[in-house]
Amino acid sequence: PFRVEHPAGGYKKLFETVEELSSPVTAHVTGRIPTWLRGSLLRCGPGLFEVGAEPFYHLFDGQALLHKFDFKEGHVTYHRRFVRTDAYVRAMTEKRIVITEFGTYAYPDPCKNIFSRFFSYFKGVEVTDNALVNVYPVGEDYYACTETNFITRINPDTLETIKQVDLCKYVSVNGATAHPHIENDGTVYNIGNCFGKNFALAYNIIRIPPLQADKEDPMNKSEVVVQFPCSDRFKPSYVHSFGLTSNYIVFVETPVKINLLKFLSSWSLWGANYMDCFESNETMGVWLHVAEKKKGRLLNIKYRTSAFNLFHHINTYEDNGFLIVDLCTWKGFEFVYNYLYLANLRANWDEVKRQAEKAPQPEARRYVLPLNIDKVLAWLHTTAAASRAWRCWYGPRVVKSSSPNSWCEVHQINYKKYSGKPYTYTYGLGLNHFVPDRLCKLNVKTKETWVWQEPDSYPSEPIFVSHPDALEEDDGVVLSIVISPGAGPKPAYLLILNAKDMSEVARAEVEVNIPVTFHGLFKRA
């Protein structure tokens, strides 16, 4: 795609504090909303970037704001409320940052004397519950989440906060990702770090069953189905998502590590936060692990490849004795989050470009993993010695690599029908030096691409919504929240594209700015 420049810096509006709404506002529609599109687009992101005079420093620190666009008979309304997490409520009450966030340290209460401050260090870690990353269903309930052990149940209609839930009370994990897999029957799978055998670290896959006839909360029935060992017993890898097919679970262990000793000790250190606890293992590369889903058994094969960061799996499926694993990778072992401090993202355009050029570069990759080594020795051209070691070294097939800093992240597919199955299309958010400035559709078979882009317009992750009578994979629409601070009186709108060719179907404009959102879902009416 043609590289667009952003000298006006309109993208800075993505990182500006906004107020919540007391009630939904009507959006001004141009074009025609498809009559079959009925339901709500729910999305999460930061909405409060400072408390009083105290700023948050990192993209993942601002307090969680829940957004909803409602579609009914061709009309659209927009609503948003802050999630009433402990982090938010206490910040509002004390008018300061009370709980340490991902990249911002919460200083002790200046009103307390030195003794009570000293003793508060020994009360244990206060882990944030700032649910700013995603929203997902469990049974009939909806939860906003971050990546800690706390998730927050919300009302998807009113956006009110119902209660905080501690995953540790249900299952053995220290935290869980914001990217669970939801199967069509409502079963939820997720992954989180845990303490395994002999105090060594491991990664647990947890399963939450669908709602049963007894209507009991499915959380009470959650269980660990398989445990992946950690390549370094004291330093688990950062895990953001994982792959799932009908028979297999794929876990990609990257070189971005959490130094647990630093993590535990840093809570008594003045000024430390989560970001201070990450480090890179420069020699391990990447290890891919596979487990059998139904038997909960690890495959006795470790696949190894060169270093990359991984946040989002695109899709995973089985193909004649192989697993096809499509990933959104960032080349190298340096942690991409190091480049996502708000000072970097709010800088003037030339400085934004200068910083981003130093960062790992994104690339969509396909890894093909043989499930039975004996059958593919000839195919692999490996030596008998290498096969006996049960380790295979893999290079990827590049699905899409474009000029530096211009490929797409946060990929979405026709999830309900094609997750874990052979598929053709993925929809992504185009990042231009970390500035989101276009929406892309990719045919993973032919590499054909379609792009939606407008000057000084900054979209969010695209969400695919299938037509109820769809015959083809891409029969439906793509939804994205776009801010266009420079253009005209309306600062933001909900964009509806035809998923076939990424052409505009309609837009629903609102008279308020909408800050960055990370992930979300479409809840059908």
Side-chain angles (χ1 to χ4, degrees), residues 20 24 38-45 47 63-72 79-89 127-192 204-225 241-242 244 412 415-416 419 461 463 465 479 517-525:
E20 63 179 12
R38 288 190 297 273
S40 314
L41 176 70
L42 293 166
R43 292 189 60 76
C44 280
Q63 297 302 289
L65 185 59
L66 191 56
H67 307 255
K68 176 173 70 114
F69 278 93
D70 257 337
F71 303 86
K72 197 173 180 182
H79 194 28
R80 66 180 177 215
R81 298 285 307 271
F82 281 103
V83 185
R84 266 48 178 188
T85 59
D86 280 1
Y88 176 80
V89 170
V127 173
T128 181
D129 62 343
N130 181 23
L132 80 163
V133 185
N134 203 357
V135 56
Y136 63 88
V138 177
E140 291 176 343
D141 301 327
Y142 283 79
Y143 290 89
C145 67
T146 175
E147 298 182 320
T148 65
N149 52 301
F150 295 116
I151 59 176
T152 305
R153 193 174 148 205
I154 55 103
N155 179 322
D157 301 319
T158 64
L159 304 188
E160 286 168 328
T161 301
I162 299 171
K163 65 171 183 177
Q164 181 201 76
V165 170
D166 182 355
L167 291 170
C168 295
K169 290 185 176 156
Y170 298 94
V171 72
S172 171
V173 285
N174 301 331
T177 76
H179 292 287
H181 278 282
I182 319 283
E183 298 192 313
N184 285 340
D185 68 354
T187 305
V188 177
Y189 282 88
N190 208 341
I191 186 168
N204 275 346
I205 295 281
I206 56 177
R207 177 181 177 273
I208 308 171
L211 193 67
Q212 308 293 315
D214 63 11
K215 293 287 185 191
E216 192 196 336
D217 183 355
M219 297 290 289
N220 292 326
K221 300 175 182 176
S222 41
E223 57 177 354
V224 173
V225 288
S241 64
F242 64 105
L244 191 73
Q412 290 286 337
Y415 186 87
K416 209 161 177 56
S419 177
E461 165 196 57
I463 300 272
V465 183
L479 306 180
T517 56
F518 299 131
H519 302 291
L521 55 83
F522 186 77
K523 177 180 176 283
R524 289 184 191 267

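Atoms considered below: every heavy atom in the structure, side chains included; atoms not considered: hydrogens, waters and symmetry mates.
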How close do [X] and [Y] get, counting heavy atoms only, and between which atoms?
| X | Y | answer |
| --- | --- | --- |
| Thr152 | Asp129 | OG1-O, 4.0 Å |
| Ala131 | Cys44 | O-SG, 3.9 Å |
| Leu211 | Gly139 | CB-CA, 4.1 Å |
| Gly520 | Asn134 | N-OD1, 3.3 Å |
| Pro156 | Ile154 | CD-O, 3.5 Å |
| His179 | Phe242 | O-CE2, 3.8 Å |

Practice task
Look only at the side chain of Thr148 and the backbone of Thr128, and say whether a donor-acceptor pair between them is shorter than 3.5 Å.
Solution key: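 Answer holds: yes.
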Practice task
Please check if the side chain of Gln212 supplies one atom and the backbone of Pro210 the other of a donor-acceptor pair under 3.5 Å.
Solution key: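 Judged by distance alone, yes, a pair lies under 3.5 Å.
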As an exercise, state the distance from [atom1] of [X] to [atom2] of [Y], rounded to the nearest 0.5 Å.
| X | Y | atom1 | atom2 | answer |
| --- | --- | --- | --- | --- |
| Asn149 | Gln164 | CG | CD | 8.0 Å |
| Ile208 | Asn220 | CD1 | CG | 10.5 Å |
| Ile182 | Leu244 | CD1 | CG | 10.5 Å |
| Cys145 | His519 | SG | NE2 | 9.0 Å |
| Tyr136 | Thr177 | OH | OG1 | 7.5 Å |
| Leu521 | Gln412 | CG | CD | 9.5 Å |

Exercise for the section: List the steps and the verdict of salt bridge (charged side-chain N to carboxylate O under 4.0 Å, His left out) for Lys72 and Asp70. Expected result: CA-CA 7 Å; Lys72 197 173 180 182; Asp70 257 337; over 6 Å; no
Practice task
Go through the steps to decide whether Arg43 and Glu461 satisfy the test side-chain contact (heavy atoms from CB on, under 4.5 Å), and finish with yes or no.
Solution key: CA-CA 10 Å; Arg43 292 189 60 76; Glu461 165 196 57; 2.7 Å; yes
Exercise for the section: Given salt bridge (charged side-chain N to carboxylate O under 4.0 Å, His left out), test Arg80 with Glu20 step by step and report yes or no. Expected result: CA-CA 5 Å; Arg80 66 180 177 215; Glu20 63 179 12; over 6 Å; no
Handout entry: Thr85-Asn130 side chain donor-acceptor pair, cut-off 3.5 Å
Key =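 Side chains of Thr85 and Asn130: no pair found under 3.5 Å.
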Exercise for the section: Please identify each residue that fulfils side chain to side chain contact (heavy atoms under 4.5 Å, CB included) with Asn204, with sequence neighbours left out. Expected result: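 Counting only residues at least two positions away or on another chain, Asn204 forms a side chain to side chain contact (heavy atoms under 4.5 Å, CB included) with Ser172, Val173, Cys194, Val224, Gln227.
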Handout entry: side-chain contact (heavy atoms from CB on, under 4.5 Å) assessment of Val171 paired with Glu223
Key = CA-CA 6 Å; Val171 72; Glu223 57 177 354; 5.7 Å; no
Practice task
Evaluate the criterion side-chain contact (heavy atoms from CB on, under 4.5 Å) for residue pair Val188 and Ile206; output intermediate values, then yes/no.
Solution key: CA-CA 8 Å; Val188 177; Ile206 56 177; over 6 Å; no
Exercise for the section: Test Val83 against every option in Leu159, Leu65, Leu66 by the side-chain contact (heavy atoms from CB on, under 4.5 Å) rule and name the one that passes. Expected result: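 With Val83 as partner, Leu159, Leu65, Leu66 yield a single side-chain contact (heavy atoms from CB on, under 4.5 Å), made by Leu66.
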Exercise for the section: Anything under 30° is parallel, anything over 60° is perpendicular, the rest tilted; go ahead and classify Tyr415 against His181. Expected result: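 Ring orientation, 0 to 90° scale: parallel.
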Handout entry: Residues which pass ring pair (Phe, Tyr, Trp, His ring centres under 6.0 Å) with Phe150, listed by chain and number, not counting sequence neighbours
Key =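 With neighbours one apart ignored, the set is empty.
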Handout entry: Worked check of side-chain contact (heavy atoms from CB on, under 4.5 Å) between Val465 and Phe71
Key = CA-CA 12 Å; Val465 183; Phe71 303 86; over 6 Å; no
Practice task
Evaluate the side-chain proximity of Lys68 to Lys523: yes if any heavy-atom separation is below 4.5 Å, no if none is.
Solution key: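 Sidechains of Lys68 and Lys523: no contact.
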Practice task
Inspect the contact between Arg153 and Asp217 and indicate whether a charged nitrogen and a carboxylate oxygen are less than 4.0 angstrom apart.
Solution key: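 So Asp217 does not pair with Arg153 through a salt bridge.
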